[in-house]
Undergrad: 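There's a structure below that I have some questions on.
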Amino acid sequence: MSDPIDLAEAEAWGIASEAEAWDIAAPAGENDAALYLELDGWEGPLDLLLDLARRQKVDLRQISILELVDQYLIYIERAAVLRLELAADYLVMAAWLAYLKSALLLPREVQEEPSPEEMALRLQLRLQRLAAMREVGARLLARDRLGRDVFPRGAPEGLRTNRKHLWQCDWFALVQAYGVVKARTQPVVHMVAARLVMTLDSALARVSAMLGVSVGWVEIMDFLPPVTEGDWSDPRLRRSALASSFVAGLELARRGEAEMQQDGAFGPLRLRRTMR
Amino acid sequence: MNPPDEITRAVEAALFAAAEPMSPEALSAHLGGAEVREALASLSSHYDGRGIALVERGGRWHFQTAADLAHLLRREHEEPRRLSRAATEALAIIAYHEPVSRAEIEAIRGVQTARGTLDVLMAAGWVRAAGRREVPGRPVIYATTPDFLAHFGLASRRDLPGIDELRAAGLLDPVDDALEALGVVSLGDND
Amino acid sequence: MNPPDEITRAVEAALFAAAEPMSPEALSAHLGGAEVREALASLSSHYDGRGIALVERGGRWHFQTAADLAHLLRREHEEPRRLSRAATEALAIIAYHEPVSRAEIEAIRGVQTARGTLDVLMAAGWVRAAGRREVPGRPVIYATTPDFLAHFGLASRRDLPGIDELRAAGLLDPVDDALEALGVVSLGDND
């Protein structure tokens, strides 16, 4: 058993070590007490435990957890006596350690899970891991560091690869682009090209004349001029002739001069002179 | 070559890490009063013919890249790239109407012109900012550069074909027809 | 020592002039596709024992002053700001366990990690966010950077001091895994 820790000494040790080993070079956030729990230089209960464990001066694998628990509880008690404000997690840890201690000491009838031995081992493993990281952190910082122990070239010329786009555009592309812009934005005049049509008047005259000489139903297609005549083979003109002839038929029917008949949708459309 | 002695190593490292050329006095002071001239001479001959040279300029020493390798420091990597259609149009408008503001370019193109488009033309060296137009907002106006004329083989902007010539060449035909015709009729055949 | 060949001179000059460590690939690209590995090896041995050393850090090469001359050079250079203890621990944990989440860092340290701690490490360029762990909450995970290796003089993470011993001792494994390895029956395994 080591001597109970003198609080003042521990404090002094903590503060001194902090100041000596680390500058709290620090962004504002690190001083945020809510996030950054420090008690006399310890960063939380695990840190304090590790420090206490180190004082046992044995390999962390062989520390006495019971002794460690005692030391921690003594520390907390003293802090309470001195009315030091303890962060809640130090007290939580104290309560947990007190429980662990009693579980380790008392004879057990009912085996609880996890066993106190496992909890103790777990604590020990955590301390080992923190200690390991602390140790390698110090070793890392002690290396020959670039900018502290070894130096890069003070004034490197710097390597630059100027990635230059070699823009390509030729005379024709330029002139053509201007043409495109001009064409796109010049006032647009819509010209409807004259095309051959059969006017309603001529269709009316033709249908009317043909009905006059017919005796029965005549299909509307037969009123159209024959394909062999002039431009009438042009399908666009034929479409116009069909439309005009149809309208002419309707007009004649309206006047009562003709009758129209269609048996079904898209069926043949027939006309005949009105029989009076 | 014998291994360098300690002073030579120290001088070598100090000059390497120095942000500025150093006089022998400054070096010596830096190295605790050591005599550095011999070390400088030995280093200078050691680096002779290497990729790095130790040189003296106005009594101060520094390392620099060997003169014949200076081209390694600034490499130009040129990537041929075709000017985008938007950039070509903007360039053509500037060439025909210069000086023009961006708003005027947009008015003529009939579409918005991305900021990057003019940057590209300026990076290519064909267009420059040519002052500001004295109207509200004082917009920057753009004009072509001598490089532009050189690149396009023009003696002056007057060499650009006029509207009538463009029309004669079919370049004022509606876009689709013009594009269609491209494959078939070239400007030269149309003259 | 024979005079260096042209590629060696070019590699020497390029690395000397470079503001950043360079990978062989980047070097090769800069030197028009030249094969540089042999030159790197020859330079590395040429500079052995001189005041300057050619070193490889995380696959990237750079020149730096010889470590044993630190005492001569340090006075001129302001010591970099020291890391806080919290930041040092976080850095060690990230380096030895990477990639790790903040929660994992905190599990080892036993305290919450202040917001600024990781920021300091990231601002120093030693730590970067390395994606997210695909577990509930998808926490960000952190890893070290090539600059970390360069700063601490590590050729690779395998050179981290004591990493083999730590691994062999199981100290890089989570506590739960260690308990299992020790044959301690935990609640979950009790069925």
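Below, all heavy atoms of this structure are taken into account, side chains as well, without hydrogens, waters or symmetry copies. Below, chain A is the first sequence line, B the second, and so on; all start at residue 1.
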Undergrad: Which pair of heavy atoms, one from C:Ala66 and one from B:Arg9, lies closest together, and at what distance?
TA: CB-NH2, 3.3 Å

Undergrad: For atom CD of B:Glu56, is the number of surrounding heavy atoms from other residues, nucleotides or ligands below 6.0 Å larger than 12?
TA: yes

Undergrad: Count the heavy atoms belonging to other residues, nucleotides or ligands that lie under 6.0 Å from CD of C:Glu25, then report whether that count exceeds 12.
TA: yes

Undergrad: What residue in B:Gly49, B:Ala53, B:Ala14 has the most heavy-atom pairs under 4.5 Å with chain C?
TA: B:Gly49

Undergrad: Which pair of heavy atoms, one from C:Gln64 and one from B:Phe16, lies closest together, and at what distance?
TA: CA-CE2, 3.8 Å

Undergrad: Donor-acceptor check, side chain of B:Arg50 to backbone of C:Pro4, threshold 3.5 angstrom: yes or no?
TA: no

Undergrad: Taking all non-hydrogen atoms of both residues, which atom of C:Ala13 and which atom of B:Thr65 are closest, and how far apart?
TA: CB-CG2, 3.4 Å

Undergrad: List the steps and the verdict of side-chain contact (heavy atoms from CB on, under 4.5 Å) for C:Leu72 and B:Glu6.
TA: CA-CA 11 Å; C:Leu72 291 173; B:Glu6 283 312 293; over 6 Å; no

Undergrad: Measure B:Asp68 against the heavy atoms of chain C and call it side chain, backbone, both or neither at under 4.5 Å.
TA: side chain

Undergrad: Working to the nearest 0.5 Å, report the span between CZ of C:Phe63 and CD1 of B:Ile52.
TA: 4.5 Å

Undergrad: Check whether B:Leu15 gets within reach of chain C through its side chain, its backbone, both or neither, counting any heavy atom under 4.5 Å.
TA: neither

